[in-house]
Amino acid sequence: MERYDPKEIERKWRARWLEEKVFAARDDSPKPKYYALVEFPYPSGDGLHTGHVRSYTAMDIVARKRRMEGYNVLYPIGWDAFGLPTENYAIKTGIHPKIVTKKNTDTFRRQLQSLGFSFDWDREVNTTDPGYYRWTQWIFLQFYKKGLAYKEKMPINWCPSCKIGLANEEVVSGKCERCGTPVERREKEQWMLAITKYADRLLADLDTVEYLEKIKTQQVNWIGKSEGAELGFAVADADGVPPLIVFTTRPDTLFGATYMVVAPEHPLVHRLEDRITNLGEVAEYMKKAAAKTEEERLAEGREKTGVEIKGIKAVNPATKEEIPVFVADYVLGSYGTGAIMAVPAHDERDFAFAKKFALPIRQVVARHSAEAHPAGADLPYTGGGILMNSGPFDGMDSEAAKREIVKAVGGRAKTQFHLRDWVFSRQHYWGEPIPVVFCEKDGMVPVPEKDLPVMLPDIEKYQPTDTGESPLSAIREWVNVACPACGGPARRETDTMPNWAGSSWYFLRYTDPKNDKAFAAPEKLKHWMQVDWYNGGMEHTTLHLLYSRFWNKFLYDLGAVPVSEPYMKRTSQGMVLGKGGDKMSKSKGNVVNPDSVVENFGADTLRVYEMFMGPFDQAIPWDDKSIQGAGRFLERFWNYALGLIEATKEEKERYEARAQQPKRAALHRTIKKVGDDIEAMKFNTAISAMMSLLNELTASEGDGHAAALPDEDLRALIKILGPFAPHMAQELWSRMGGATYLDFEPWPVYDPKLAVEDETTLVFQVDGRVRDTVRAARGIGEEEARAMALANEKVRAALAGREPKRVIFVKDRLVNVVA
RNA sequence: GCCCGGGUGGCGGAAUGGCAUACGCAGGGGACUUAAAAUCCCCGGCCCGCAAGGGCGUGUGGGUUCGACUCCCACCCUGGGCACCA
């Protein structure tokens, strides 16, 4: 028999799939559509990662199964190619990022093709292609026209190493997500996208999609909706000065507000400078706080700092008391109104601050009633309850009191979000130029759509400047342009877009990747959207996922996209860790290169191994040895199937004379399990089920021969393996005489009648402990089973003469004798 | 601190409330071979026992149940996300 030769088989089918464009998605198919999506890779110089393989194999399995189920499947791929590593490489070597990108995408394409993914290679997109970023710029202009893209001077997170401004999302515990350098705060004029305008819908519409629960939770937390109220606190003895507005989720505790705090950025101090008696001290504190990096704030822990603003008092609108006002950096300028009412009895932070500065702590909410919860006991108490020390509201439930007190003091209900507007400027070369010019006469003027794309010019030096200006600003002939409005002298915007821009809409482009009249034709979008299933990394749950949902919703509002939510279903794969459980990294030297695995074992083995290694959503360490298990399985499968295919007529007859029923039942149970498990992304148990079946089929039955399967059943067996090991399955399929591509053959039908075995294993228990197991005919009744159990020797021994009090019977499973 | 996960053999892990440890890796024994590799067969939770058999076992402590890895309560450990968000 011919040996399993993955290299030869894979080379052959890979070439045919590509040449014949077998997996090209058709826009005009009468079949129902299915859009399977994976995150397109950033084509780094390191090449494909085992993590890509895990995600792409999983969705390839889904895509291939869907084709077999009769769907017209779109499974596209492309390159998210703008970004810092390529630029840094260009800075170091002087090689143009375009050239580096070309080289890297060529490598990635070769690697992806070597794994046999059923991508539609005719729809490849590349975010750095002017034909692509033209439309990224076009979408930006639509944001601009709707007032959702705006420029604002604001403190940004500045990475001194990357020399780039970062979005809040890119700062992880005060450090640059990319290089780990502590970020600084700098004032800069930045382009912003008003994602907060969509906060409510980004939150509410999560109910309309099927994301993994933990993904939804992360989005919900990131958006961070708080329902509360805005209340005004008058400044004492200051007619004409507007009141201090605070945001609170606990207006019911207003009677306990014994002081106020404003953020260091709050305008109050400037407004009332001449009344402040300790202005020097206050100004000093504000200066220090402004310069503080996130890193320093974290290093201080929760230790509260602050300074009282002397000379100014605020009036509690409920009690009419005059209360002191502090400036302290535990209040953030960027959230709410930048000012709070402090209720030390019912807020942990206010409590800590009040203790430190010896401020009064007045309890106004009791757990049950003032009597049951003596004043001062276990404060701070942050839960709800019954009001006390609150004048006319005493005894009221805190939920009711929230509404009543807001009404009584003339406040208004208010919803706040943690989500901030998206800092959309980068001061770098390798990104989409922002299509705006600054005219001496007309000010800010958007580039007309007909002049798109604003091409990225070729330059000599990619190095960003220490002043934070983009390297583009040095290219005079590019920067200086005629104003599109008046023709007068104007300058181009030299900031570029963040690397999140291109990936915020790429799934739309796949539906119509070559269109040069629109980002995609409406009928193509209508045909393919929405994405049915999107798999990607957990690390993109709060950034890319939210951004792309936002862009899609915006385009939906323009009428340019047919669905409000881009993705029906979103799942995530766990990381592939290095040996020993550490993250794979070059510095640790534990990076596994898929190329060498394909070279040594074959693509099908790598695919099966990565799907078998453990639960799909869990991080699993790589194990060189375990790959062999996947390889052995495929080889055994090959030998078994080929043995049957090449068996002589006599051999076949002899095999088939053997009792088929249990094997057939096992096959049908496996068909069901593999199908169900693919849908639930339980690829590991799908594969173990196929392994078990193969073990059962090849187990010698005394005559040294494996069990035979009729051709029909062997075909079904090859089909369910197909999505996992497509090259080998296709080869076996064609050796069985199949002239077609396996991927378009119908997925085997599970027959519940065939899946039931005639016999079952009955467990006999005494007092819940297993005493024996016996084979019995399926479906026997309680009486019979009970009699068998009571007659069983081991059961009788365990009973030791005791009379059974009760007998529990579970059909086809067990008899439990309770004595 | 808050929000999600997860604790099962030497390892990765499997188990609609019903045979705990499937499947795979590693390990031990055997067959084949001049030999090795590959392949095939058999054995692998712990303790007592020559064995038959018995006892103990899914992070810890309780509970519900005829029966708990699975459900409930409390706790410990651990991975991830958020974090002075009023």
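Each chain gets a letter, A, B and so on, in the order its sequence line appears, and its residues count up from 1. Below, all heavy atoms of this structure are taken into account, side chains as well, without hydrogens, waters or symmetry copies.
T258(A) places none of its side-chain heavy atoms less than 4.5 Å from the side chain of V343(A). P243(A) has its side chain out of reach of F233(A): every pair of non-hydrogen atoms, C-beta onward, lies at least 4.5 Å apart. With a 4.5 Å cut-off on side-chain heavy atoms, Q765(A) and R771(A) do not count as touching. Residues I223(A) and L546(A) meet the side-chain proximity criterion, which asks for heavy atoms closer than 4.5 Å. L254(A) is listed as a side-chain neighbour of L231(A), based on a closest heavy-atom distance under 4.5 Å.
Both tests pass for K672(A) against the ring of Y750(A): distance under 6.0 Å to the centre and angle within 45° of the axis.
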Please walk me through it: do F683(A) and F612(A) pass ring pair (Phe, Tyr, Trp, His ring centres under 6.0 Å)?
CA-CA 6 Å; F683(A) 305 108; F612(A) 181 66; over 10 Å; no
Apply salt bridge (charged side-chain N to carboxylate O under 4.0 Å, His left out) to residues E782(A) and K811(A) and explain how you reach the verdict.
CA-CA 7 Å; E782(A) 177 159 5; K811(A) 197 175 173 207; over 6 Å; no
Evaluation steps, side chain to side chain contact (heavy atoms under 4.5 Å, CB included), between M575(A) and E539(A)
CA-CA 10 Å; M575(A) 263 192 291; E539(A) 69 274 21; 5.8 Å; no
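When rounded to the nearest whole Å, the span between CZ of F764(A) and P of G18(B) equals 19 Å. Straight-line distance from the CZ atom of R420(A) to the P atom of A83(B): 9 Å, rounded to whole Å. Between Q765(A) atom CD and G67(B) atom P the separation is 10 Å, expressed in whole Å. In this structure, the CH2 atom of W222(A) is 17 Å from the P atom of G80(B), given to the nearest Å. Whole-Å rounding puts the L577(A) CG to G80(B) C1' distance at 12 Å. G67(B) atom P lies 9 Å from atom CD1 of I808(A), rounded to whole Å. In this entry the distance linking CD1 of I245(A) with P of A86(B) reads 18 Å, nearest Å. Between the P atom of G24(B) and the CD atom of E635(A) lies a distance of 15 Å, rounded to the nearest Å.
Base pairing annotation: U70(B) forms no Watson-Crick or G-U wobble pair, as no partner gives both donor-acceptor distances under 3.5 Å. When both pairing distances are held under 3.5 Å, C40(B) makes a Watson-Crick or G-U pair with G30(B). When Watson-Crick and G-U wobble pairs are counted only if both distances are under 3.5 Å, G79(B) pairs with C4(B).
Across G6(B) and G17(B), the matching P atoms stand 15 Å from one another, rounded to whole Å. Annotation: G18(B) and G67(B) have their C1' atoms spaced 7 Å apart (nearest Å). Across the P atoms, C71(B) and G7(B) are found 11 Å apart, a figure rounded to whole Å. One C1' atom belongs to C11(B), the other to G62(B), and the distance between them is 32 Å to the nearest Å. Spacing between G5(B) and C19(B) at atom C1', rounded to whole Å, works out to 30 Å. G55(B) and C40(B) are spaced 38 Å apart, taking the P atom of each and rounding to whole Å. Between the P atoms of A15(B) and U70(B), the separation comes to 15 Å (whole Å). Annotation: A20(B) and G53(B) have their P atoms spaced 16 Å apart (nearest Å).
If you check residues 614-621 of chain A against RNA chain B, the residues with a heavy atom closer than 4.0 Å are P615(A), Q618(A), I620(A), listed by number. For RNA chain B, the neighbouring residues in residues 810-819 of chain A, judged by any heavy atom under 4.0 Å, are V810(A), R813(A), L814(A), N816(A), V818(A).
For Y335(A) and A86(B), the shortest distance from a side-chain N or O to OP1 or OP2 is below 4.0 Å. Between N684(A) and A14(B) there is a side-chain N or O to OP1 or OP2 distance below 4.0 Å. When the side-chain nitrogen and oxygen atoms of N695(A) are compared with OP1 and OP2 of G24(B), one or more of them lie within a distance under 4.0 Å.
Residue contacts shown for R3(A) are absent, as no nucleic acid heavy atom lies under 4.0 Å away. Backbone-only engagement by T685(A) is indicated by non-hydrogen atom pairs under 4.0 Å involving sugar-phosphate atoms exclusively. Using a 4.0 Å heavy-atom cutoff across all strands shown, T761(A) reaches at least one base atom of the nucleic acid.
When only modelled atom types and interatomic distance are considered, T760(A) and D812(A) share no side-chain donor-acceptor pair under 3.5 Å. Side-chain contact annotation: R636(A) with N695(A), donor-acceptor N/O pair under 3.5 Å present.
Under 4.0 Å is where a charged nitrogen must lie from a carboxylate oxygen, and between K414(A) and E227(A) no such pair does.
Among the nucleotides C84(B), A26(B), C23(B), the one closest to the side chain of S692(A) is C23(B). Comparing A86(B), C23(B), A26(B) by their nearest atom to the side chain of K625(A) picks out A26(B).
Taking the six-membered ring where the residue is Trp, Y547(A) and W422(A) present parallel rings, their angle staying beneath 30° rather than reaching 60°. Using a 30° and 60° split on the angle between ring planes, Y330(A) and F353(A) fall in the tilted class, from 30° to 60°.
Below the 3.5 angstrom threshold, one finds no donor paired with an acceptor across the side chain of K805(A) and the base of C66(B).
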What string of B, S and - do you get for nucleotides 46-57 of chain B, 5' to 3', when a contact is any protein heavy atom under 4.0 Å?
--------S-S-
